[in-house]
Structure formats: structure tokens, C-alpha cells
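Residue numbers start from 1 in every chain, and the chains themselves are labelled A, B, ... in the order their sequence lines are given, proteins ahead of strands.
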Amino acid sequence: MEDMQKTYDPKDFEDKIYSKWVEKGCFKAKIDPDKVPFSVMMPPPNVTGQLHIGHAMDETMQDIVVRFKRMQGYSVLWQPGVDHASLATEHKIVEKLRAEGTTKEALGREEFLRRAWAWKEQYGGRIVEQLKKLGSSCDWDRLAFTMDEKCSRAVREAFFRLYEAGLIYRGSRIINWCPDCKTALSDEEVVYSEDAGHFWHFAYPIEGSDEKIVIATTRPETMLGDTAVAVHPDDKRYAHLVGKTILLPLTDRKIPIVADGYVDPEFGTGAVKITPAHDPNDFEVGLRHKLPMIRVMNDDGTINELGGEFAGLDRYEARERVVEAMKTRGLLVKVEAHTHNVGHCHRCNATLEPIVSKQWFVAMRTLAKPAIDAVAKNKTKFTPDRFAKIYYNWLENIRDWCISRQLWWGHRIPVWYCANCGAEIVTPRVDPTVCPHCNCTELTQDEDCLDTWFSSALWPFSTLGWPEETPEFKYFYPTDVLVTGYDIIPFWVMRMMVSGLRYTKKVPFRDVLIHGLVRDEQGRKMSKSLGNGVDPLEVIEKYGADSLRLALISGVAPGNDTRMSAAKIEASRNFINKVWNASRFVLMNVKGTDVPPSLDGLHLQPADRWIISRLMATVREVTLALKKYDLGIAADRIVDFAWNDFCDWYIELSKPVLYGEDQEKKRQTLAVLLFVLETTLKLLHPFAPFVTEEIYGYLPHAKGMIMMQDFPRYDPKLAYREEAKAFEGVIELIKAVRAIKVSVNCPPAKKVRLYLATDAKRLITANKNSILRLAGASDIGFVENGLPAEEKAVSQVTDIAHIFVPLGELVDLEEERVRLNKELERVQGEIARAGSKLSNQNFIAKAPKKLVEDERAKLEKFLVMKKKIEDQLKNL
RNA sequence: GGGGGCAUAGCUCAGUUGGUUAGAGCGCAUGCUUCACAUGCAUGAGGUCACAGGUUCGAGUCCUGUUGUCCCCACCA
């Protein structure tokens with residue numbers, strides 16, 4: 001086999017490896033009765049969307065979990081799919097048509113849909129290809145689309161069931177209307193922002209009196225639809241006017257003055273114009289006082305024929321003209337600057353109009369209850385659990401969900417109306433042809449579509465074939481974990497919970513792993529307008545997918561936002577490069593040897609046992625962290641082990657053996673190097689799948705693909721706790737010698753002689769060559785009581801030895817005295833701290849025994865150190 | 001108005017059920033072209049864990065309050 005390339009270049013192998021995984025069917029989900037299923041539903045990205053950094057994080061997290069579980073032996077389904085994204089997609093197509101100089105109305109429904117599907121065919125594959133670049137190990141053979149036959153069938157069934165139960169109804173209510181997209185929106189789709197506006201004070205004349213009542217409004221044009229003015233019942237200023245009639249200016253209408261508790265006497269003038277058809281609060285007031293509703297605006301935001309002379313004007317032009325007209329009549333009292341929260345369309349950002357409109361709604365209150373209970377009873381668990389509170393907050397305050405959209409791209413509402421008797425007809429599967437009430441055959445289907453989230457809400461089971469009891473559904477449902485961002489909780493998580501419990505009587509997923517947003521270097525949201533977005537595809541191109549993945553999850557706690565920067569990605573790339581080079585080192589040395597395939601029967605040296613012990617600790621911690629979805633911690637542990645323990649220590653410790661003469665020791669060391677490398681690669685695989693798979697292919701005893709190997713297991717036989725701890729003493733010794741040399745500016749290349757007063761002669765002798773090499777020493781001598789003063793040595797006390805390094809001219813005795821005194825001070829501080837703890841009777845009585853013992857041992861240790869340092873000071 | 005987050009090294013952030021001398025990356029300082037890697041190695045400086053109380057033998061961690069900051073929801077027309 002060829003050797004590994006000298007430099008790490010992900011472009012050499014990432015695509016090749018992905019193809020290989022696909023070819024070998026590594027991602028395929030199988031119904032295997034002998035295995036435990038583990039299923040994850042990918043949050044479907046918009047079918048015509050492009051991969052952005054937020055997707056990249058979401059996908060990476062899922063892929064890590066899924067690869068981990070697959071290696072642990074679960075039968076994994078990671079279900080991929082894309083969303084038709086009704087409004088988003090239709091918006092794009094409408095824009096395109098506008099550029100072509102036509103409109104959807106001009107094309108007609110059929111032709112428009114033909115174009116929409118063509119658009120979907122053209123761009124629908126793009127995001128899927130981009131997901132592959134990341135290394136996503138989902139079962140592409142099962143790729144679903146919210147508008148495919150399977151999902152559409154589920155939508156129809158779900159609608160039917162809710163309708164039958166009376167939980168879907170049609171009614172005229174105030175909804176959020178986008179005059180640009182010309183559709184209703186749900187409350188969740190409204191984005192509020194503080195906008196600068198005005199507060200116009202208008203005087204309304206009162207019939208049969210010279211008195212006028214002054215109202216204040218931010219939307220003057222809506223006065224054309226006023227049907228009352230309201231004041232607070234206890235407001236003495238207006239008490240005499242309640243029941244009187246207003247001659248509404250600019251119209252020929254007479255409207256009453258009513259008293260209603262909704263009015264805040266402190267705000268504005270204390271008198272409110274009531275426009276039931278154009279304001280949610282006014283709508284309520286209107287119902288209470290049985291006021292007429294006069295809708296004065298068309299769907300496109302222009303004033304309709306009820307607006308008299310203003311008919312046909314755009315809403316903003318109408319606003320100006322109304323103000324002008326009032327001014328001319330001397331009825332404009334004043335204008336104030338006023339900033340207020342205004343709702344905008346989440347898709348096109350147009351200012352929304354609250355409008356009375358006949359729409360379809362889902363009665364959410366009834367449905368919310370089981371969804372609240374399921375989380376309260378821990379049937380579904382949020383990670384981190386604080387998001388359960390946010391979830392409750394949403395569901396407890398939920399209002400009915402407006403599900404109809406005046407769009408064509410989506411699931412057409414499965415309701416037919418009878419031309420004869422006006423009946424609503426809803427059937428679960430087959431389209432009705434005859435009215436069951438009057439036998440009339442003239443039926444027309446509702447023109448509108450469903451909110452895109454209506455189908456997304458069914459995703460965990462619609463993709464598995466529900467309402468059919470398919471084998472997939474039985475095996476993989478409920479799913480195990482849903483991974484998504486906190487911003488999607490109200491849109492999706494909540495609604496999947498509601499639907500899942502309603503239709504399947506089960507929670508749709510057992511865990512919900514919530515992540516935050518990926519922000520830019522300065523903590524700002526990434527946005528197109530700021531141009532501060534990090535393009536994941538560019539990052540992959542430049543650094544490789546593994547670096548991107550690692551950068552996206554390292555140092556990130558669940559649920560928290562994270563910042564992305566070139567520096568962070570480079571740090572990840574550097575680590576992967578490190579792994580690459582360490583692997584090269586091992587393979588280079590293994591080449592041409594008969595390295596044993598396992599550790600069985602080997603006589604392990606202290607350093608070997610130490611690294612294996614550290615490895616086992618890492619395996620345990622990583623496994624635990626992954627189980628708890630602490631992906632950032634898991635990654636940090638692996639990086640820390642691989643870089644510090646393995647590369648900086650064990651590989652360096654192995655060199656004197658590898659370059660030495662003892663062939664048997666060499667074989668053993670190679671076996672350990674290989675074992676640790678292979679185990680580390682497996683641990684790292686879920687995080688950095690490409691590079692680990694590539695390197696694994698070079699390992700002499702590799703079996704197939706790394707992604708199909710067993711995830712490393714903690715083996716108590718390999719824990720070697722005591723030996724590892726003893727060996728830490730050797731490491732501490734080496735570090736101390738290095739520090740001594742630096743402290744006197746001794747060139748690193750200059751070898752020094754070490755003199756050690758120690759009880760650990762055996763351990764030190766066994767590791768002599770390593771100590772010499774790593775500490776930069778020429779020889780070790782053992783002494784009883786240090787060196788004579790004329791030797792001019794620098795000394796340091798460690799756990800296993802009192803070190804003396806004679807450095808002759810380099811040593812300044814005065815400086816050495818200062819250094820030792822400083823050290824003495826530190827040790828005395830420790831003695832005082834431990835001493836005060838141990839003299840506290842409450843500590844002795846109440847703290848765990850182990851802790852007390854540890855504290856005693858510590859005190860003992862520091863007392864010995866103190867003695868040695870004092871002796872040395874006397875000696876100087 | 002309601003809900004939630006955050007405050008730890010110069011910067012960005014970890015810190016599992018309270019328990020060694022509070023960690024990492026980046027940055028900084030000093031020194032290293034040692035045969036895997038300068039995308040590197042070694043050594044080091046740098047923290048009253050926002051503030052004030054409390055619980056506890058013991059608090060960065062739990063409780064109460066304060067301050068600052070960010071987000072979500074509601075929406076006084």
C-alpha cells in the first residue's frame with residue numbers, strides 16, 4: 001500500500017470517501033429485529049434553499065450522534081428530506097415571474113404549478129448535494145419531500161381527522177395579512193420591529209353638539225373603517241359623551257361612543273377609535289358592543305370601495321391623503337413622533353395588516369394539553385432542560401393556528417364546497433364528487449393551501465408511511481432524538497409534539513437536543529444584508545469538512561449561541577493536521593514490521609500502561625459526554641488526549657524505544673502506538689469522519705470501514721490506575737527539569753546531568769532513556785542528600801524526587817535562593833490551607849472519608865517538600 | 001407586562017450530581033530549523049469566577065436580592 005501523503009489535504013479524499021460509504025451502503029437503515037433501533041429525523045431544509053452555516057451545525061450534530069450510535073451497534077435510521085416551504089418557494093417564483101414581466105394570476109394555477117415543479121426539479125437537488133459535502137450519513141434512498149405522495153397522504157388524513165373532531169374550523173377572524181405575498185400568516189410568522197412612526201390626533205365632531213372628541217391613531221387610513229370610539233367606563237372626562245353619536249369625518253357614517261375597559265385612560269387621549277376589521281383589540285371590542293365590521297382594504301393593501309374618495313389608493317398614500325383631508329377640515333389636532341412595534345412578514349418584510357378574513361384554523365388549546373403533559377412527565381426530554389420552560393410558555397399561551405394560505409405551492413386544502421347547499425365536504429382519501437347532503441355534483445375545492453408547517457408537523461411519522469402501519473413505522477417510531485435550533489421550537493417542535501400525540505398517541509421523539517445560533521466573529525447574527533455570513537461550502541473548500549465540523553461544535557454548550565471565525569476553523573484544521581502527522585509517524589515506524597494486532601500477551605512498560613490508562617479514561621468520558629449530548633465536551637476530551645497525552649508525551653516517550661536496540665520492546669511499543677492510534681481514530685470518527693476513515697485505510701490490521709467498526713469500550717482491565725498515577729511522577733520530573741533549564745537560560749540542546757534524591761529509583765531507572773531524551777539530560781545519578789554547595793546546582797522538589805541540576809556558571813545563587821523561597825512560600829500556603837481544613841472538626845466529621853484522607857496525604861506531602869526545600873536553602 | 005439566557009484569563013468560551021492548587025483555544029512573553037507535524041515543540045505570565053447576603057464542614061457551582069447585558073413572547077390605539 002502507498003504511504004500517507006506528507007501533508008494533510010482533505011481534497012485528496014473527502015469526496016472519494018463519501019462515494020465509498022454510499023457505494024457500500026453504510027448509511028442504509030435496516031429493520032433488524034436483533035438490533036435496537038435508533039432513529040433521527042432530519043429537519044428538512046427548504047427544497048430550493050442553500051446550505052448555510054446554521055444547517056451545517058445542525059447537520060453536524062446529528063451526524064455525530066448518528067455515527068456514534070451506529071458504531072455502538074444500533075440499527076440507525078437517519079431520515080433525510082426536504083421541505084416544499086410553501087411561502088418561501090412561491091415567493092421566489094413570483095419574484096422570478098415579476099422579472100419576466102408576468103404574474104401568477106396571469107399564468108393561472110395549473111401553469112404556475114407546472115413552473116413551480118420545474119423550479120423544484122432544477123434546484124431541489126442542490127441542498128442535498130451540499131449536505132453530502134458535510135459528510136452527512138443519512139439514508140439517501142429514503143429521501144423524502146413534504147409534497148411527495150406519502151407525505152401528502154398523511155397531510156390529508158391528518159386534516160380529515162382534526163376536522164372530524166371539530167378541531168379544524170373555518171371562521172372570520174383577525175389575522176395577519178401580508179399585502180405583498182397576499183396571504184394570511186400565522187402569529188408565529190410575524191416579525192416585530194420597533195419602527196418610527198407618528199401619532200396623529202384627530203378631532204371627531206359629536207352629533208348635535210359643538211363638542212369634539214379627540215382620538216389618537218398611528219394608522220389614520222383605518223379611520224375609514226371606524227365603527228365606534230371607545231373610552232374607559234370610569235373616565236370622568238368622557239362620561240357625559242358615552243352613548244352620544246359621532247359624525248365620522250370623511251365618511252357619511254354615524255358611529256357611537258362606547259365605554260369599554262380595554263381602553264387605557266392614561267395613554268394617548270384616553271379615547272380610542274375602534275376599527276374592528278383592522279385591529280385585533282378593536283375586533284374584540286366590536287364583538288362586545290356588537291359593532292359592524294367594515295373592511296376598507298383590499299388584499300393588495302389598497303383602499304377598497306368602502307373608502308369613498310380614497311378608494312383605489314395604496315395604504316400609505318391613503319394615509320397621507322386622510323391626514324391632509326382632516327387637516328383641511330381643521331380636525332387634525334396634532335402630530336407626534338411615535339415609535340411602535342410593527343409586525344412584518346418574515347418572508348418579504350412588508351408591513352403586515354391585521355385584517356378580518358375568513359380562514360381555516362386549528363384549535364390549539366385542546367391539542368396543547370397532551371403536549372404539555374408529555375414533557376412534564378418526561379416522555380420527551382429537552383437538552384438543555386431549560387427549553388422545556390420555553391416550550392411550556394408557548395403552549396400555555398397558545399392561540400388558534402391559522403393554517404390557510406392564499407398560495408398555490410403547497411398542499412391544497414382538502415375541503416370541497418357544494419355549489420347548491422354550500423356544505424363543506426372533507427374526505428380522508430378520495431376526492432368527493434357528490435354532495436352527501438343534496439346530491440349536487442357541482443363541487444369546488446377550496447382555493448387555498450395549508451401552512452407549510454402543517455406538513456412539517458407530521459414529519460416524524462409521515463416519512464415512515466403513517467397512517468399505514470408500515471414495518472418502518474413500527475420499528476423506528478417514536479424517533480430517538482430531534483436536533484434543532486431554539487428558534488424553531490414554536491414553529492416545529494411544538495407542533496410535532498402536538499401532532500404526534502394526537503395521531504399516533506405517542507411522543508414523536510424521546511429527546512430534543514436544542515442548539516443555538518451560529519453568529520459572526522463579533523457575535524452578530526449572520527445575514528445577507530450585513531454580508532457577514534460564513535459560507536460552509538467555502539470553508540469546506542478551503543479547510544475540509546472535518547475542520548468545519550469540529551469548529552462548529554468544539555467549545556459549544558448545548559443551547560448556547562456560538563461564534564464562528566477563521567481563527568476557530570484554523571484551530572480545528574491544525575488539530576486534524578496533528579492527527580494526520582501523528583498517524584504518519586506511527587505508520588512510518590510500523591511499516592515492514594510484524595507489529596502484533598493486539599495488546600494480548602504483551603509485557604507493557606510503565607509508559608505504555610500510562611497512555612492506555614489515559615486512553616481508557618478518555619473513552620469513558622467521551623462516551624458519557626456523547627450519551628448526554630455534550631458534544632463540545634466530548635470533542636475537547638478527544639483533542640486533549642490526542643494532542644497532549646498521545647502526541648506530546650507518548651509519541652515522544654516511544655522514540656527512545658523505537659530508535660533503540662531492544663527489538664521486543666520495539667514491537668510492543670509499536671503495538672501500543674497502533675492500538676492507541678486506532679482507538680483514538682474511532683473516538684474521533686463521529687466528529688471528523690473523513691480524515692479518520694482515510695487514515696484507517698492505511699492501518700495494517702484495519703477491517704473494512706472505520707464507520708462500521710465498534711465504538712471503543714471502556715475496559716477496566718486496561719485502566720491501570722495505580723501505575724498510571726506513578727508514571728505521572730516521571731512526567732512531572734521531566735517537566736521540572738525542563739523548567740529548571742529554562743529558568744537559568746540553559747540552551748535546550750545543552751545536555752545536563754541530573755542528580756536525584758528519590759525513593760522511586762526503580763521507576764526512574766525503568767524510564768531512564770525517556771527521561772534523558774525528554775528532559776534533555778546526559779545522565780542520571782542518585783544521591784542521598786543533595787549536592788555540595790560548590791556544585792552550584794538548581795533544585796526542585798517533585799512528588800517522586802528531589803532534583804539537583806548542577807549548572808555551574810549559569811547559576812546565580814542569589815536568584816536560586818529567591819526562587820526557592822518563593823517555592824517555600826507556596827508550599828507553606830498549601831500546608832496552611834490543608835491544615836486548617838483538617839483542624840476543622842466539622843470537616844473531619846461530615847466530609848467523605850476519601851476526601852479527608854486525600855487532604856491528609858496532601859498535607860503530608862507538602863510537609864516533606866517543605867523540609868527538603870528548607871534543607872536546600874541551608875545548603876546554599 | 002410575561003418568560004428565558006448570559007456575566008469565569010487580554011479575546012472567545014468550557015466547567016457534568018457542591019469536594020485536589022478553577023481549565024482550553026486564540027493572543028502575549030522567552031527560547032527552539034531535535035530525523036510525524038513551524039498547521040509545530042518547550043517554558044512561562046495572566047483570574048478577588050459581576051456585586052451583596054444566605055445555605056453548607058466546604059460554593060465558580062445551590063438559594064435570595066442588586067447591577068449590567070442579550071434573546072423570546074405580549075402589544076398602549
Does A/W643 place a side-chain N or O at less than 4.0 Å from the phosphate oxygens OP1/OP2 of B/rC41? yes
*asked:* Under 4.0 Å from OP1 or OP2 of B/rG58: is there any side-chain N or O of A/N842 that close?
replied: no
From NZ of A/K568 across to P of B/rA24 the rounded distance in Å is 17 Å
A/D640 CG to B/rG15 P, in whole Å, measures 15 Å
Name the nucleic acid region contacted by [X], choosing base, sugar-phosphate or nothing; use a 4.0 angstrom heavy-atom cut-off, strictly under.
X      : value
A/I651 : base
A/N589 : nothing
A/K861 : base
A/A557 : sugar-phosphate

Across all chains, not counting sequence neighbours, the side-chain hydrogen bond (donor to acceptor under 3.5 Å, both in side chains) partners of A/Q5 are none
Across all chains, not counting sequence neighbours, the side-chain hydrogen bond (donor to acceptor under 3.5 Å, both in side chains) partners of A/E188 are A/S186, A/R495
Tell me if the side-chain of A/E652 makes a donor-acceptor pair with the base of B/rA36, cut-off 3.5 Å, by modelled atom types. yes
**Message:** Should the side chain of A/R563 and the base of B/rU12 be counted as holding a donor-acceptor pair, with the cut-off at 3.5 Å?
**Reply:** no
What nucleotide among [options] has an atom nearest to a side-chain atom of [X]?
X      : options                : answer
A/P748 : B/rA36, B/rA77, B/rC32 : B/rC32
A/R386 : B/rG4, B/rU43, B/rG15  : B/rG4
A/N840 : B/rU16, B/rC57, B/rC41 : B/rC57
A/R584 : B/rG15, B/rU20, B/rC37 : B/rC37
A/K273 : B/rA36, B/rA14, B/rA77 : B/rA77
A/D648 : B/rA14, B/rC37, B/rA42 : B/rA42

Stem ranges of RNA chain B by first residue number, counting only runs of at least 3 Watson-Crick or G-U pairs under 3.5 Å, come to B:1-7 with B:67-73, B:10-13 with B:23-26, B:28-32 with B:40-44, B:50-54 with B:62-66
* To do: Indicate yes or no: does A/K655 engage A/E652 in a salt bridge with an N to O separation below 4.0 Å.
  => yes
Closest non-hydrogen contact found for A/R819 with A/Q796 is NH1-OE1, 3.1 Å
Walking RNA chain B from its 5' end, the first of A/N644 and A/V263 to be reached, judged by nearest nucleotide, is A/N644
